[in-house]
Amino acid sequence: MKPSIYITRKLPESIIAPLQKEFEVDMWEHEDVSVPRDVLLHKAESASALLTMLSDKIDRELLQRSPSLRVVANLAVGHDNIDLEAAKELGITICNTPDVLTETTADLTFALLMATARRIVEADRYVKEGKWKSWSPLLLAGLDIHHKTIGILGMGSIGEAVARRAKGFNMNVLYHNRSRKYAVEQDLGVQYATLEKLLTQSDFVVVLAPLNEDTEGMFQEEQFLLMKNTAIFINAARGPIVSEEALEQALKRGDIAGAGLDVFEAEPIDADHPLLKLHQVVALPHIGSSSKETRYGMMALCVENIHAVLKGKKPSTSL
Ligand code: GLV
Ligand code: GLV
C-alpha cells in the first residue's frame with residue numbers, strides 16, 4: 001500500500017500532481033473553509049504525512065492518535081499551532097516554510113505601515129464613496145514615515161528585511177529581540193533597545209516576533225501607555241501577542257494614533273469587532289506571505305519536504 005498524505009485545504013492540481021505518482025493523496029475539498037476537527041482527526045489516523053494550514057490545531061491528541069504519521073508540513077513559518085514537544089517525543093518531523101516568504105512578508109508589513117500612516121484605505125473609500133468635493137489643506141492628512149524611528153520587535157529574517165526597507169526611507173531603526181544580533185547591527189546600522197526604550201522612542205512599533213510563552217499577551221495597557229500618542233502600532237506576527245481589548249482602549253483614548261493589523265486574537269475576526277469600527281485601524285485578513293509567487297513557493301516547499309521525509313531523506317526546512 002502506498003503511504004498516504006492528507007492535505008487540509010484544497011490546493012492547485014499542479015502542486016499535488018508530483019505527489020500523486022508515488023503516494024495516496026487525499027485533500028479537504030474547500031479552498032476557503034478549514035477542515036473540521038473531527039474530519040482532521042479521522043484523516044490523520046491513517047496518514048503518513050499531513051500538509052497543514054496555520055489554522056489547523058496539531059496538538060498532542062492528534063499526534064498521539066496518528067500511529068503512521070511521520071511528517072507534518074505546515075504552510076507557514078510560524079508553528080504555534082503545532083505541539084513541537086509532542087511531535088519530538090513521538091518522532092514526527094515538523095516542517096515549516098521559512099526563507100521563501102521573508103521578503104514578501106516584509107513587503108506586506110511595510111505596506112501596512114505606510115497604509116496606516118498615510119490613511120490609504122480611508123482615502124480610497126473617501127474617493128469611491130463620492131465624498132471628495134474639493135481639495136483642502138488637511139484633507140486626510142496622515143503622518144510621515146521617512147526619517148522617523150521604527151522599533152522592530154522580533155529581529156528574525158522578516159524583521160531584518162523590514163529593517164532594510166526602513167533604511168531605504170532614511171528611518172532610524174531600533175530593535176528588540178531575545179538575543180542581540182551583532183552582525184545585523186553592523187550590516188544594517190540598527191540599534192538594540194530594551195523593550196521600554198523601543199516603546200517610548202519609536203514612531204512605529206512593529207511586531208514580528210513568534211508567538212510563544214514569552215510573547216503571548218506581551219502588549220497590555222502598560223505597553224501602549226509607554227508609546228508616543230503619535231505612534232502607530234503594526235502587528236504582522238500573531239494576534240495573541242497583543243491584548244485587543246487594551247489596544248482598543250489605547251486607540252480610543254488617543255494613547256497611540258493608529259494600528260495596522262494583519263493578525264488577530266481569533267481569526268477570522270468577527271466583522272462586528274469594536275476594533276474594526278475605528279477609522280484609525282487598518283485590518284487585513286492575515287495575508288503577510290500572500291503573493292502568488294510566494295504562496296506557490298511555500299506549497300512547493302511543503303510538498304518537497306513531505307516527499308523527502310517519506311523517502312527517508314532530510315527535509316530542507318524542519319524544526
Ligand atoms: C504566517 O503567518 C506564517 O507564519 O507563515
Ligand atoms: C512571523 O510570523 C514570525 O513567525 O516571525
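Whatever order the structure lists ligands and atoms in, that order sets their numbers, starting from 1.
A donor-acceptor contact shorter than 3.5 Å links the side chain of E265 to the backbone of E244.
Each of the atoms 3 (C), 4 (O), 5 (O) of ligand 1 lies under 4.0 Å from some heavy atom of A76. Heavy-atom proximity to L54, at under 4.0 Å, picks out these atoms of ligand 1: 1 (C), 2 (O). Close approach of ligand 1 to L101 (heavy-atom distance below 4.0 Å) involves ligand atoms 5 (O).
Using a 4.0 angstrom heavy-atom cutoff, H286 counts as in contact with ligand 1.
Counting heavy atoms closer than 4.0 Å to ligand 1, residue V263 contributes nothing at all. With a heavy-atom cut-off of 4.0 Å, T97 does not touch ligand 1 at all.
Note: no N/O pair closer than 3.5 Å links S289 and ligand 1 by distance alone. By the 3.5 Å distance cut-off applied to N or O atoms, G78 is counted among the residues near ligand 1. At under 3.5 Å, a nitrogen or oxygen of V77, whether backbone or side chain, sits near a nitrogen or oxygen of ligand 1.
Legend: salt bridge (Lys or Arg N to Asp or Glu O under 4.0 Å) pairs involving residues 98-127, not counting sequence neighbours, sorted by first then second residue: E103-R164, E103-R165, D107-R165, R119-E122, D124-K128. The list of salt bridge (Lys or Arg N to Asp or Glu O under 4.0 Å) pairs with a residue in residues 183-208, not counting sequence neighbours, reads R180-E185, D203-K228.
Aromatic ring centres of F23 and H307 lie closer together than 6.0 Å.
Around the OH atom of Y192, the shell of radius 6.0 Å holds more than 12 heavy atoms that belong to other residues, nucleotides or ligands.
A salt bridge between D255 and R253 is present, with a side-chain N of the basic residue lying under 4.0 Å from a carboxylate O of the acidic one. Taking the charged nitrogens against the carboxylate oxygens, R238 and D80 do have a contact shorter than 4.0 Å, which makes a salt bridge.
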